[in-house]
Colleague: 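Structure provided below as structure tokens; questions to follow.
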Amino acid sequence: MSSRTSQGAIAWIVSLNTVPYVAVPTYWVFGRARFQGYVTSRRDEDSALGRALADKLAELRSHAVSGVHGDKHLVGVEQLAKLPFLGGNRVELLIDGEQTFESLFAGIEAAERYLLVQSYIVRADEVGMALQASLIEKARQGVEVYFLYDEIGSYALPGRYLQALEEAGVRVHRFHSTRGPGNRFQLNFRNHRKIVVADGERAWVGGLNVGDEYLHGHPRIGPWRDTHLMIEGPAALALQLVFLEDWHWATEELPELPWEPTLPSHHASPVLILPTGPADRFETASLMIQQAIHAAHHRIWISSPYFVPDEGVLAMLKLAALSGVDVRVLIPERPDNPLTYFAAYAFLDSLLEAGVEVYRYEGGFLHGKAFLVDDGGAAVGTVNLDNRSFRLNFEVTALVMDTRFAAEVEAMFEDDFARSRRMRPGEIAVQPLWHRVAARAAYLLAPVL
């Protein structure tokens, strides 16, 4: 009754009637597309959280930028976010682990009042232990530290790691995706967000988790290519709002934090923070990508490590390419997930025939999630172009309307394209039969990839 696609409904009906002893427990884990009970202030203004944050939201909206409304496409994205573009921000593009962790640890060190730290994967390796040490030091200095992790993504995180944080005074909690009526077995939902906020003045968001692979690479697939973003200004408080919504779900608590934004001098980049997830009324992440493609007049470049998009996004990509827009998709050559690797081959041929340029990154493992629209807009976030990010994960994206930032993202893409090979029409047809069969079989699992 609640399946978001007819294919999903049919698959569950058939399986529940043919192999019920297998299908029923599987449905408890993978069946629902809605995350029950998660209520956010921007979606329910009558909720306790909504009332508590009403004044803060009003303060944020006072920094709205009206100039971006010259483009009607941006109005639709603001409606999805339930927040406007906020002006007066300084943004810094961070490429790969060295730049990102240098900026991140410097921001943590400079924090004087509070730190909000959230990640999907946290490992107890060199980088993870450095983060732990930094947070413990700040907590001992009297800084309020809140640490939120996804219990599924960070399943291997040892208890002693968390215990050391708690003993130092860090407020630690898992996202608790199984909390709430009907969610007990729903291991399919994940909080895939990576957010750090320091004093409400600076924030970091993007694709990097906490692990050594971002600095030292992976022994099998090579260097880890990823993208992150630092924001200083009012948009940092929008990321603070996203963190607090997740923290409130996990703990039923709402920390009292300052909401006076820092306004960097000589910087005026409009930024929109767009959280998405299975609690949304609409398929927000998919609609965001479709709107970006529709808004492109001459160029849309997209980077995603996992590329199994839904029919809506596929149709928009083809239509844009057929209309003469420069459509480029950057995906890994060497995957860390064989299912998503094979599933992509099920539809790449039709994209190539429509004129979409598909590049396969050969410089290691591509994990960055970003897109560039024309010369004035770009985005960095946590959303992959797959069903999991579109419908099952809690994600967040930062959209920046700034020509200078767009030029930096363009240069990043150009460098990545130079380290990639461009796929040619017809190369999929010459793959061996086993490869084509594996691609079609993997694509059948697209709803849970």
Side-chain angles (χ1 to χ4, degrees), residues 38-45 47-64 81-84 86-90 103-119 131 134-150 165-166 168-176 191 193-205 229-264 271-275 277 394 396 398:
Y38 185 102
V39 179
T40 65
S41 62
R42 288 164 294 111
R43 297 175 182 84
D44 187 355
E45 295 179 355
S47 68
L49 181 60
R51 293 191 299 271
L53 292 176
D55 294 340
K56 285 78 173 177
L57 289 169
E59 176 67 21
L60 276 182
R61 292 189 176 99
S62 69
H63 296 279
K82 301 298 183 184
L83 274 176
L86 302 174
N89 300 283
R90 181 176 74 88
S103 174
L104 186 60
F105 282 112
I108 291 174
E109 175 62 28
E112 298 178 350
R113 295 177 293 171
Y114 63 92
L115 285 163
L116 313 177
V117 181
Q118 177 177 3
S119 187
L131 176 65
S134 296
L135 297 183
I136 288 175
E137 178 63 24
K138 299 309 293 186
R140 288 174 176 168
Q141 292 174 9
V143 175
E144 292 184 73
V145 182
Y146 299 85
F147 182 80
L148 184 66
Y149 66 98
D150 184 86
L165 289 171
E166 291 175 330
V170 177
R171 299 284 303 279
V172 177
H173 214 286
R174 57 186 175 127
F175 178 66
H176 207 175
N191 195 315
R193 294 167 179 160
K194 299 95 175 174
I195 296 172
V196 174
V197 180
D199 293 336
E201 299 174 356
R202 292 170 299 279
W204 291 259
V205 66
L229 181 67
M230 191 283 293
I231 303 170
E232 183 179 7
L237 291 179
L239 282 168
Q240 178 168 299
L241 171 65
V242 176
F243 178 92
L244 288 182
E245 289 174 349
D246 288 345
W247 184 266
H248 183 266
W249 164 259
T251 67
E252 297 185 348
E253 300 172 355
L254 188 64
E256 276 294 331
L257 301 175
W259 288 84
E260 302 82 20
T262 298
L263 296 174
V271 178
L272 176 71
I273 301 301
L274 177 57
F394 290 88
V396 63

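Quick note: residue numbers are just sequence positions, from 1.
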Colleague: Walk me through whether V242 and L244 qualify under side-chain contact (heavy atoms from CB on, under 4.5 Å).
Modeller: CA-CA 5 Å; V242 176; L244 288 182; over 6 Å; no
Colleague: Working to the nearest 0.5 angstrom, can you tell me the gap between W204 CH2 and E232 CD?
Modeller: 8.5 Å
Colleague: So do S134 and F105 actually touch side chain to side chain, heavy atoms under 4.5 Å?
Modeller: yes
Colleague: Is any side-chain heavy atom of F243 less than 4.5 Å from a side-chain heavy atom of V396?
Modeller: no
Colleague: Among side-chain atoms of N191 and Q118, is any donor-acceptor pair under 3.5 angstrom?
Modeller: yes
Colleague: In Å and rounded to the nearest 0.5 Å, what is the OG1 to CG distance from T251 to L148?
Modeller: 8.5 Å
Colleague: Return each pair, listed once, that meets salt bridge (charged side-chain N to carboxylate O under 4.0 Å, His left out) where at least one residue sits in residues 253-263; pairs must be two or more places apart or across chains.
Modeller: R171-E253
Colleague: Taking all non-hydrogen atoms of both residues, which atom of G233 and which atom of N89 are closest, and how far apart?
Modeller: C-OD1, 3.3 Å
Colleague: Could you list the donor-acceptor pairs under 3.5 angstrom formed between side-chain atoms of residues 106-114 and any protein atom two or more places apart in sequence or on another chain?
Modeller:
unit_1 : atom_1 : unit_2 : atom_2 : d
R113   : NH2    : D199   : O      : 2.7
Y114   : OH     : G200   : N      : 3.0
Y114   : OH     : Q240   : OE1    : 2.6

Colleague: Looking only at heavy atoms, which two atoms of P84 and L272 are closest? And how far apart?
Modeller: O-CD1, 3.4 Å
Colleague: Identify the two heavy atoms, one from P234 and one from L86, that lie closest to each other, and give their separation to 0.1 Å.
Modeller: O-CD1, 3.8 Å
Colleague: Nearest heavy-atom pair of I273 and A235: which atoms, and what distance?
Modeller: CG1-O, 3.7 Å
Colleague: Could you report the tightest heavy-atom contact between L257 and Y146, atom names first, then the distance?
Modeller: CD2-CE1, 4.4 Å
Colleague: Could D246 and R193 be called an ion pair, given the rule that one side-chain N must be under 4.0 Å from one carboxylate O?
Modeller: yes
Colleague: Just say parallel, tilted or perpendicular for the rings of W247 and H173, cut-offs at 30° and 60°.
Modeller: perpendicular
Colleague: Minimum heavy-atom separation for Q141 and K138, please, with both atom names.
Modeller: OE1-NZ, 2.9 Å
